[in-house]
Amino acid sequence: MKIFSLTLFLFMGFLGTPNEVKKEIPPLSPEMERFNVQLAEVKAAIAKSNAYSSKIAFFIDMKIKSGKNRFFVYDLENEKIIEQGLVANGSGSETNLRGELKFSNEPNSKCTSLGSYAIGKAYRGMFGKSYRLSGLNETNSNAEKRAIVLHPYSAVPNEEQDYYIYNSQGCPMVSEAFFKKLEKIIDGSKSKIILNIYY
């Protein structure tokens with residue numbers, strides 16, 4: 001009897017369960033959908049030029065509230081986010097509706113400009129070590145003229161919070177602790193890293 005039961009069990013296991021329900025893949029979140037679109041664009045830009053790093057790219061999702069992590073360091077080789085942190089948007093990007101932003105490439109607008117940037121050479125300025133940014137699109141072509149740079153600022157917190165953080169003059173501005181992580185990655189890269197800001 002035991003042999004019969006074992007044989008029946010193995011036979012049923014071989015056939016599989018007839019009413020097995022396939023698991024449905026949940027839809028992507030709006031954040032992931034936005035990210036995937038930008039990731040594809042950055043990969044296309046990297047494929048066209050060997051001037052840019054094919055290992056690492058930076059992404060900033062300005063649709064996410066400033067008190068939440070929205071600056072992402074992405075490992076292009078292993079397809080995963082390896083660091084994330086807070087980043088300020090330009091004060092000129094604020095609108096009458098909290099959380100809804102506007103963007104501009106105009107000088108003196110104090111706005112964040114959307115698009116991809118090449119992270120350039122470091123220099124020492126009023127915020128200490130900072131990195132020059134060159135706009136790669138029409139939407140951010142005035143980055144150098146506007147002195148838009150990646151820099152740290154002590155007023156930017158290092159941990160997520162429920163309220164909005166301090167605004168910049170248009171620069172992607174991060175906490176001092178997060179900047180140190182970015183600094184190691186940027187300085188360790190043999191080619192320029194692309195920073196993509198989107199909404």
**Study point:** pair Leu101-Thr112: side-chain heavy atoms closer than 4.5 Å
**Key:** no
Revision key, fill the gap. Smallest heavy-atom separation, Ala45 atom then Tyr52 atom, equals O-CD1, 4.2 Å
Review point. Where do Asp61 and Gln38 land on the side chain to side chain contact (heavy atoms under 4.5 Å, CB included) test, with the steps shown first?
Key: CA-CA 10 Å; Asp61 185 349; Gln38 300 303 317; over 6 Å; no
Review point. Distance-only, no hydrogens or angles: does the Arg146 side chain make a donor-acceptor pair with backbone N or O of Cys111 under 3.5 Å?
Key: yes
Exercise for review: Answer with yes or no whether the side chains of Ser66 and Asn89 bring together a donor and an acceptor at under 3.5 Å.
Suggested key: no
Check your understanding: Under a single-linkage definition using a 4.5 Å side-chain heavy-atom cutoff for Ile, Leu, Val, Met, Phe, Trp and Tyr, are Leu136 and Ile60 assigned to the same hydrophobic cluster?
Key -> no
Check your understanding: Taking it one step at a time, do Tyr131 and Glu183 satisfy side chain to side chain contact (heavy atoms under 4.5 Å, CB included)?
Key -> CA-CA 9 Å; Tyr131 292 93; Glu183 181 184 8; 3.3 Å; yes
Check your understanding: In the single-linkage hydrophobic clustering (I, L, V, M, F, W, Y; side-chain heavy atoms under 4.5 Å), do Phe58 and Tyr117 co-cluster?
Key -> yes
Practice item. Look at atom CD of Glu159 and say whether more than 12 heavy atoms of other residues, nucleotides or ligands are closer to it than 6.0 Å. Key: no
Check your understanding: If you take all heavy atoms of Ala118 and Lys192, which pair is closest and at what distance?
Key -> CB-CD, 4.2 Å
**Study point:** Gap separating the CZ atom of Arg34 from the NZ atom of Lys63, nearest 0.5 angstrom
**Key:** 6.5 Å
Practice item. Could you walk me through whether Asn142 and Ile148 pass the side chain to side chain contact (heavy atoms under 4.5 Å, CB included) test, one step at a time? Key: CA-CA 8 Å; Asn142 290 326; Ile148 300 300; over 6 Å; no
Review point. In terms of side-chain heavy atoms, does Ser175 have a donor or acceptor partner in Asn158 at a distance below 3.5 Å?
Key: yes
Exercise for review: Decide whether Glu176 and Tyr153 meet the rule of one side-chain donor and one side-chain acceptor closer than 3.5 Å.
Suggested key: no
Point to revise | Any Leu39 side-chain heavy atom under 4.5 Å of Leu76 side chain | key: yes
Practice item. Can you measure from NZ (Lys102) to CG (Leu97) and round to the nearest 0.5 angstrom? Key: 11.5 Å
Review point. Out of curiosity, does Phe179 fall in the hydrophobic cluster containing Ile82 (side-chain heavy atoms, cut-off under 4.5 Å, transitive links)?
Key: yes
Practice item. Write down the atom of Tyr199, the atom of Glu100, and the distance for their closest heavy-atom approach. Key: OH-CA, 3.6 Å
Check your understanding: How about Asn196 and Ser116: does a side-chain donor come under 3.5 Å of a side-chain acceptor?
Key -> yes
Practice item. Give the minimum heavy-atom separation between Ser113 and Thr139, together with the two atoms involved. Key: CB-O, 3.5 Å
**Study point:** Pair Leu150-Phe127, side chain to side chain contact (heavy atoms under 4.5 Å, CB included): steps then yes or no
**Key:** CA-CA 10 Å; Leu150 173 62; Phe127 298 107; over 6 Å; no
Exercise for review: Is it possible for you to say whether Val73 and Leu86 belong to one hydrophobic cluster, with membership spreading through side-chain heavy-atom contacts below 4.5 Å?
Suggested key: no
Point to revise | Common cluster, Ile197/Val174, ILVMFWY with side-chain heavy-atom separation under 4.5 Å | key: yes
Exercise for review: Supply the atom-to-atom distance Lys80 NZ to Tyr74 OH, rounded to the nearest 0.5 angstrom.
Suggested key: 10.5 Å
Check your understanding: Run the side chain to side chain donor-acceptor pair (under 3.5 Å) check on Asn105 and Ser141 step by step: do they pass?
Key -> CA-CA 7 Å; Asn105 188 33; Ser141 58; 3.0 Å; yes
Practice item. Would you confirm whether the ring centroid of Tyr198 sits within less than 6.0 angstrom of the ring centroid of Phe103? Key: no
Check your understanding: Atom NZ in Lys48, atom CD1 in Ile46: separation rounded to 0.5 Å?
Key -> 12.0 Å
Check your understanding: Ring centres of Phe59 and Phe72 under 6.0 Å apart?
Key -> no
Practice item. Mind checking the CD-CG spacing from Glu41 to Asn137? Nearest 0.5 Å is all I need. Key: 8.0 Å
**Study point:** Gap between atom CG of Asn108 and atom NZ of Lys145 - 0.5 Å precision
**Key:** 10.5 Å
Exercise for review: Ignoring hydrogens and angles, tell me if any N or O in the side chain of Arg132 forms a donor-acceptor pair with the backbone of Glu144 under 3.5 Å.
Suggested key: no
Study note, to complete from the structure: Note: Ser91 and Gln169 closest approach over all heavy atoms is OG-NE2, 4.4 Å
Revision key, fill the gap. Heavy-atom closest pair (Leu195 atom, Pro172 atom, distance to 0.1 Å) is CD2-CG, 4.1 Å
